[in-house]
2 protein chains.
Amino acid sequence: MDERQALSSFAALSQETRLQIVRTLVVAGPEGMAAGAIAEKLGVSPSTMSFHLKELDRSGLIGQQRESRSIIYTANYDALAGLIRFLTEDCCAGNPHICTPAAAVACHSPSPVEKKA
Amino acid sequence: MDERQALSSFAALSQETRLQIVRTLVVAGPEGMAAGAIAEKLGVSPSTMSFHLKELDRSGLIGQQRESRSIIYTANYDALAGLIRFLTEDCCAGNPHICTPAAAVACHSPSPVEKKA
DNA sequence: TCCATATTTCCATAATCCTTGAATTATAGA
DNA sequence: TCTATAATTCAAGGATTATGGAAATATGGA
């Protein structure tokens with residue numbers, strides 16, 4: 001992931017509705033969710049939803065595919081993983097020696113998922 | 001890190017100059033860097049730099065401390081790590097079973113740092 | 001073909017963000 | 001105290017972003 005893409009991804013995630021869209025699609029899984037269903041779930045108008053979905057699509061964090069009359073949106077896990085990696089490298093990669101313990105935890109330990117399990 | 005803080009952090013990182021400030025401070029390490037030095041390095045005016053530093057400070061991604069006439073800014077590694085964790089949990093935690101291989105790499109594998117070493 | 005559904009695009013408005021220059025505050029030294 | 005340095009704050013502008021309603025596009029079924 002290059003800087004331009006990262007900037008675009010951060011911008012996409014910096015808006016409450018869009019962050020909730022991403023969360024919703026991550027939870028929805030590979031099956032995804034229709035635009036209207038997301039709009040209803042989050043309580044925003046169709047045109048506003050369309051605006052935000054387009055923004056997320058342009059940033060690459062989600063994808064879309066038409067299915068009959070609906071357009072199904074799905075989270076792009078690769079892009080999310082790429083963004084995490086970008087952030088991780090900016091945090092530690094160039095200078096692991098200056099990482100504080102907390103930063104080191106994020107960079108070198110088992111993930112929170114494993115800790116919770 | 002709660003959602004409000006995450007939104008604020010994403011907004012802070014979604015602006016080119018601010019992202020470069022964070023990068024610069026991460027590289028600078030715990031010693032930090034004076035506002036003027038960052039401004040000169042990045043080629044922006046003092047007031048613009050001040051505006052962005054304040055924004056980053058409000059989001060918690062950087063900290064400041066006066067040293068004689070200068071104000072020294074430092075990256076907040078804990079906050080960066082917290083943001084990485086927030087993103088990681090949104091990506092995988094609630095539903096590790098739907099992680100694609102690429103996402104799983106970001107969530108469960110050794111960090112890129114270790115791979116590069 | 002006609003109608004209903006699902007979504008997007010267009011438009012106008014309101015809000016927020018970014019930048020700059022001028023004025024202000026804080027510190028240090030002569 | 002006076003001057004220089006280092007930053008911030010303020011005010012004004014131009015640019016971008018967010019929202020919702022109305023109109024347009026695409027699909028499927030009677």
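- At whole-Å resolution of the value, CZ in A:Arg66 and C1' in D:dG28 are 11 Å apart.
- B:Ser50 comes within contact range of at least one nucleobase, with a heavy-atom separation under 4.0 Å.
- Separating the CZ atom of A:Arg58 from the C1' atom of D:dT16 is a distance of 11 Å, rounded to the nearest angstrom.
- Taking for each of B:Phe51 and A:Leu53 the nucleotide of DNA chain C with the nearest heavy atom, the 5'-most of the two is the partner of A:Leu53.
- Under the 4.5 Å side-chain criterion, counting only non-hydrogen atoms from C-beta, B:Glu3 is in contact with A:Glu16.
- How far CG of A:Leu87 is from CZ of B:Arg85: 13.5 Å, rounded to the nearest 0.5 Å.
- The salt bridge (charged side-chain N to carboxylate O under 4.0 Å, His left out) test applied to A:Arg66 returns no partner, not counting sequence neighbours.
- Within the 4.0 angstrom heavy-atom criterion, no nucleotide atom of any strand lies near A:Ala39.
- Smallest separation of non-hydrogen atoms from B:Gln64 and B:Ile71: NE2-CG2, 3.8 Å.
- Between the CE atom of A:Met49 and the C1' atom of D:dA18 there is a distance of 13 Å, rounded to whole Å.
- Interface limits on DNA chain C: the 5'-most and 3'-most nucleotides within less than 4.0 Å of chain A heavy atoms are C:dA4 to C:dT9.
- The interatomic distance linking A:Leu19 (CG) with D:dA18 (P) rounds to 13 Å, in whole Å.
- For the pair A:Leu42 CG and D:dG20 C1', the interatomic distance rounds to 17 Å; values are reported in whole Å.
- Expressed to the nearest 0.5 Å, how far CG of B:Leu19 lies from CZ of A:Arg4 amounts to 13.5 Å.
- Using a 4.0 Å heavy-atom cutoff across all strands shown, A:Glu55 reaches no nucleic acid atom at all.
- Interatomic distance, OG1 of B:Thr88 versus CG of A:Leu83, reported as 9.5 Å (0.5 Å rounding).
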Protein-nucleotides 21-23 of chain D N/O pairs under 3.5 Å:
from: D:dG21; atom 1: N7; to: A:Ser47; atom 2: OG; distance (Å): 3.4
from: D:dG21; atom 1: O6; to: A:Ser47; atom 2: OG; distance (Å): 3.2

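- The residue from B:Val26, B:Leu53, B:Leu80 that alone fulfils the side-chain contact (heavy atoms from CB on, under 4.5 Å) condition with B:Ile62 is B:Leu53.
- Closest to the B:Tyr73 side chain, of the nucleotides D:dT8, D:dG28, D:dT5, is D:dT8.
- When the C1' atom of D:dT25 is taken as reference, atom CZ of A:Arg69 falls 14 Å away, rounded to whole Å.
- Here D:dT19 presents its C1' atom at 13 Å from CD1 of A:Ile21, a figure rounded to the nearest Å.
- Between B:Arg18 and B:Ser59, the closest side-chain pair of non-hydrogen atoms is not below 4.5 Å.
- When each of A:Ser68 and B:Gly36 is assigned the nucleotide of DNA chain D bearing its nearest heavy atom, the one mapping closer to the 5' terminus is B:Gly36.
- Annotation: the span from B:Ile38 atom CD1 to B:Ile21 atom CD1 amounts to 6.0 Å, rounded to 0.5 Å.
- Residue-to-nucleotide proximity on DNA chain C shows that, of A:Ile72 and B:Ser14, the 5′-proximal contact is made by A:Ile72.
- By the neighbour-count criterion of 12 heavy atoms within 6.0 Å, atom CD of A:Glu40 is sparsely surrounded, having that number or fewer from other residues, nucleotides or ligands.
- Considering only side-chain N and O atoms, B:Gln15 lies nowhere under 4.0 angstrom from the phosphate OP1 or OP2 of D:dT17.
- The CD atom of B:Glu67 sits 14 Å away from the P atom of D:dA6 (whole-angstrom rounding).
- For the OP1/OP2 pair of D:dT19 and a distance below 4.0 Å, the side-chain nitrogens and oxygens of A:His52 include at least one atom meeting the criterion.
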